[in-house]
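A short write-up of the structure that comes next.
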Amino acid sequence: MTPTHTTDGRASRVLVLNSGSSSVKYQLLDMRDRSRLATGLVERIGEETSRLVHTPSAGGGAPRERTGRIADHEQALKAAAEELAADGLGLDSPELAAIGHRVVHGGLRFSEPTVITDEVLQEIERLVPVAPLHNPANITGIRTAQALRPDLPQVAVFDTAFHTTMPEHAARYAIDVETADAHRIRRYGFHGTSHAYVSRRTAELLGRPVADVNVIVLHLGNGASASAVAGGRCVETSMGLTPLEGLVMGTRSGDVDPAVTFHLKRVAGMSVDEIDDLLNKRSGLVGLCGDNDMREIRRRVEEGDERAALAFDVYVHRLKKYIGAYSAVLGRVDAVVFTAGVGENSAPVREAAIAGLEGFGLAVDPDRNAVRSGEPRLISPDDARVAVAVVPTDEELEIAGQTFALVHN
Ligand code: ADP
C-alpha cells in the first residue's frame, strides 16, 4: 500500500470544494505528488433530475453515476462523501489534511488564502451584497463541510485575492468617491486563482523567474477575463465589481456603456432584475448568435452562418482591444497566454486574436497553434519578440496547493 502521509508523517490529502448555487464540484488531491485521487460533480441540486458523477482517478476506475433528487448541499456533500468512502477515501480518514473552498468574493480584506473561523465566515457573508449569486452558495458549502468534519481546518481561497495588488488607479471607477466607498464599489476582478496559476506556469515555461516576467493572461472559459501580471503581481484585470465587466463571454455582455441600463429601464420599460438577467444570461455569444459553445459557433462560421461570424468577430475584437490596452499598461510584454476551455482548445480564436498584432511583436505559428495537447506550450514562432503560449489552467490544484501550504505552515 502506498504511504498516505508526507515524509514528516502529516496527512497529505486535500479535498477541494467548489460550491455553486445548484452544483458542487469536488476533487481529492494528494499533495505529496499533486495527484488527483478522485473528482466529482453534483448538479441540479434541489431538482428531481439531480445527478452525481464520481470519477475515481486512481487506478483509472470508470465514472459512477447517481441520478434522482438530491435535495440540498448537505445531501450533495454526503453523497460525494459516500462515493469517496467506497473508494477507500472517506472524509473521516486521518489522511485528510484540510478542505479548501473556492470562494468567489473576498472583497478588499482577503488577499491571501485564509483559515475559516466564525469571524471569517461572517465577513464572507458581509460581502453577499457585492456577490449575490456566488458567495451564498460558497457559504452553504463551507457550513456543510464544517458539519461533516468540524475538527478539520477549512480554508477559503478567494477568486478576488490575486487582484488585490492592483494599483488604486486601476481599481477605482471614476465615480464620486463617497458614493463608491459607501457601497464598496470598485474593481475587484475574478478568476484570480487561475490567473495566478497560469502566470506562474508561464514563467516556468519561459524558463525565467516569475519576478522578471510580464504576462497578459487571457482566461477564456464560459466566463472570461484578462489580466496584466507584472513580475507575478496583478496590475490590471478586466472583470470589475462583478464578473460582468470586460471581455465578451458565453452569456455575459462584458463592457457596455452603463447608460444602456438606464435606457433599457426608461425606454424599454425593463426592470432592474430583467436587465440583470439580460446582461448576465442572455448576452455575450449567446445573445449575439444563440450559441455559447465556441465549437458550435466555429462549425456555423465554417458553414457560412453570418450571425455566428458576427459573434466570433465581436468576441475576437474585444480580445484584441484588451491585448493592446494591457500591452500599454505593462509597457513591456514577455508573453500573451491563452487558457480555459476556449483559450486551451480553440486554435481559430487564438489565431484571430493575435492576427494583425505584428507591430506589438506578436505572431502565431500555424502548425504550433494547431497542436492539441494538455501541456503548456509555445505557439509563437522561434524568432518572435513576444511569446504566445497556451497554458492549461488548474484551479483545483492551485486551491489545494494554497490550502496545503497554509495548514502545514
Ligand atoms: P467554465 O467557465 O464553465 O469553467 P470552461 O473553462 O470549461 O468554462 O470553458 C467552457 C467553454 O470552452 C465552452 O463553453 C466552449 O465554448 C469552450 N470549449 C470547450 N472545448 C472546446 C473546443 N474543443 N473547442 C473550442 N471551444 C471549446
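In this structure, the side chain of H134 does not engage the main chain of V128 through any donor-acceptor pair within 3.5 Å. With hydrogens and angles disregarded, a donor-acceptor distance shorter than 3.5 Å links the side chain of N138 to the backbone of V104. Between the side chain of R377 and the main chain of S373, a donor-acceptor pair closer than 3.5 Å is present. In this structure a side-chain-to-backbone donor-acceptor pair under 3.5 Å is present from T164 to A161. A side-chain donor-acceptor contact under 3.5 Å links R318 to the backbone of G246. The backbone N or O of V213 sits nowhere less than 3.5 Å from a side-chain atom of R208 that would complete a donor-acceptor pair. In this structure, S35 contributes its side chain and M31 its backbone to no donor-acceptor pair below 3.5 Å. A distance-only check finds no donor-acceptor pair linking the side chain of S227 to the backbone of T237 [under 3.5 Å]. Side-chain atoms of N135 come within 3.5 Å of backbone atoms of H105 as a donor-acceptor pair (strictly under, hydrogens ignored). Between the side chain of R51 and the backbone N or O of R66, no donor-acceptor pair lies under 3.5 Å.
T160 OG1 to M239 CE: the interatomic distance, rounded to the nearest 0.5 Å, is 12.5 Å. Remark: R252 CZ to L285 CG distance equals 12.5 Å, nearest 0.5 Å. One finds the CD atom of E123 at 10.5 Å from the OG1 atom of T114 (value rounded to the nearest 0.5 Å). The line from CD of E396 to NZ of K25 is 7.0 Å long, rounded to the nearest 0.5 Å. Here the straight-line distance linking atom CG of D293 with atom CZ of R298 works out to 13.0 Å at 0.5 Å rounding. How far CG of N18 is from CD of Q27: 9.5 Å, rounded to the nearest 0.5 Å.
Within the 4.5 Å cutoff, side-chain heavy atoms of D394 are placed close to those of R36. Under the 4.5 Å side-chain criterion, counting only non-hydrogen atoms from C-beta, V349 is in contact with M294. A 4.5 Å side-chain heavy-atom check between L247 and L220 finds at least one atom pair inside the cut-off. Between H169 and E236, every side-chain heavy-atom pair lies at or beyond the 4.5 Å cut-off. Using a 4.5 Å heavy-atom cutoff, the side chains of P376 and T202 are not in contact. Contact of the R300 side chain with the E296 side chain is registered, since non-hydrogen atoms from C-beta on lie closer than 4.5 Å. Looking only at side-chain heavy atoms (C-beta outward), I99 and L152 come within less than 4.5 Å of each other. Looking only at side-chain heavy atoms (C-beta outward), L288 and R307 stay at 4.5 Å or farther from each other.
Of all heavy-atom pairs spanning P113 and Q402, the tightest one is CG-OE1, 3.5 Å. Taking both residues in full, the closest heavy atoms of S253 and L244 are given as OG-CD1, 3.8 Å, listed atom of the first, atom of the second, then distance. Closest approach of S21 and A137 over heavy atoms only: N-CB, 3.5 Å. Among all heavy-atom pairs drawn from A353 and I323, the shortest one is O-CD1, 4.0 Å. Smallest separation of non-hydrogen atoms from N214 and R332: ND2-O, 2.8 Å. Taking every heavy atom of both residues into account, S225 and S238 meet most closely at CA-OG, 3.3 Å.
Under the side chain to side chain contact (heavy atoms under 4.5 Å, CB included) rule, F338 has a single partner from V217, T393, L218, V391, which is L218.
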- Quick one: do T339 and E344 satisfy side-chain hydrogen bond (donor to acceptor under 3.5 Å, both in side chains)? Show the steps, please. CA-CA 5 Å; T339 194; E344 290 166 30; 3.2 Å; yes

- Message: F404 vs L29, test: side-chain contact (heavy atoms from CB on, under 4.5 Å). Steps then yes/no.
- Response: CA-CA 10 Å; F404 193 64; L29 294 99; over 6 Å; no

- List the steps and the verdict of salt bridge (Lys or Arg N to Asp or Glu O under 4.0 Å) for D181 and R172. CA-CA 10 Å; D181 288 353; R172 276 267 166 207; 3.0 Å; yes

- Apply side-chain hydrogen bond (donor to acceptor under 3.5 Å, both in side chains) to the pair H73 and T144, showing each step before the final yes or no. CA-CA 7 Å; H73 283 70; T144 310; over 6 Å; no

- Could you go step by step and tell me if K265 and E274 meet the salt bridge (Lys or Arg N to Asp or Glu O under 4.0 Å) rule? CA-CA 9 Å; K265 184 154 173 43; E274 285 168 345; over 6 Å; no

- Task: Assess whether side-chain contact (heavy atoms from CB on, under 4.5 Å) is satisfied between L148 and L77, documenting all intermediate values.
- Result: CA-CA 9 Å; L148 274 182; L77 204 53; 3.8 Å; yes

- Task: Evaluate side-chain contact (heavy atoms from CB on, under 4.5 Å) for V235 paired with T165, printing each intermediate quantity in order.
- Result: CA-CA 6 Å; V235 293; T165 52; over 6 Å; no

- Task: For side-chain hydrogen bond (donor to acceptor under 3.5 Å, both in side chains), just list the numbers for S93 and E95, CA-CA rounded to whole Å, side-chain angles, deciding distance to a tenth of an Å, and then say yes or no.
- Result: CA-CA 5 Å; S93 163; E95 279 108 39; 2.9 Å; yes

- side-chain contact (heavy atoms from CB on, under 4.5 Å) between S283 and T251, intermediate numbers included: CA-CA 5 Å; S283 296; T251 64; over 6 Å; no

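A salt bridge links E119 and R109; the closest N-O separation between the charged side-chain nitrogens and carboxylate oxygens is under 4.0 Å. Salt-bridge annotation for E398 and R102: absent, with no side-chain N of the basic residue lying under 4.0 Å from a carboxylate O of the acidic one. Between D313 and K320 no salt bridge is recorded (no basic side-chain N to carboxylate O distance below 4.0 Å).
No donor-acceptor contact under 3.5 angstrom links the side chains of S271 and D273, judged on distance only. Judged purely by distance below 3.5 Å, without hydrogens or angles, the side chains of N345 and R372 pair a donor atom with an acceptor atom. A side-chain N or O of Y173 and one of E245 form a donor-acceptor pair less than 3.5 Å apart. Side chain to side chain, D30 and S12 meet the donor-acceptor criterion of an N or O pair below 3.5 Å. For D87 and H54, the side-chain atoms include at least one donor-acceptor pair closer than 3.5 Å.
Ring geometry for Y326 versus Y322: interplanar angle over 60°, hence perpendicular rather than tilted (30 to 60°).
Atom CD of E351 has 12 or fewer heavy atoms from other residues, nucleotides or ligands within 6.0 Å. Enclosure of atom CZ in R44 by more than 12 non-hydrogen atoms of other residues, nucleotides or ligands within 6.0 angstrom is indicated. Counting non-hydrogen atoms of neighbouring residues, nucleotides and ligands closer than 6.0 angstrom, the NZ atom of K78 reaches no more than 12 such neighbours. The neighbour count for D33 CG, taken as heavy atoms of other residues, nucleotides or ligands under 6.0 Å away, is above 12. Within 6.0 Å of atom CZ in R69, more than 12 heavy atoms from other residues, nucleotides or ligands are found, so the atom counts as buried in its surroundings.
Between H163 and H191, the distance from one ring center to the other does not fall under 6.0 angstrom.
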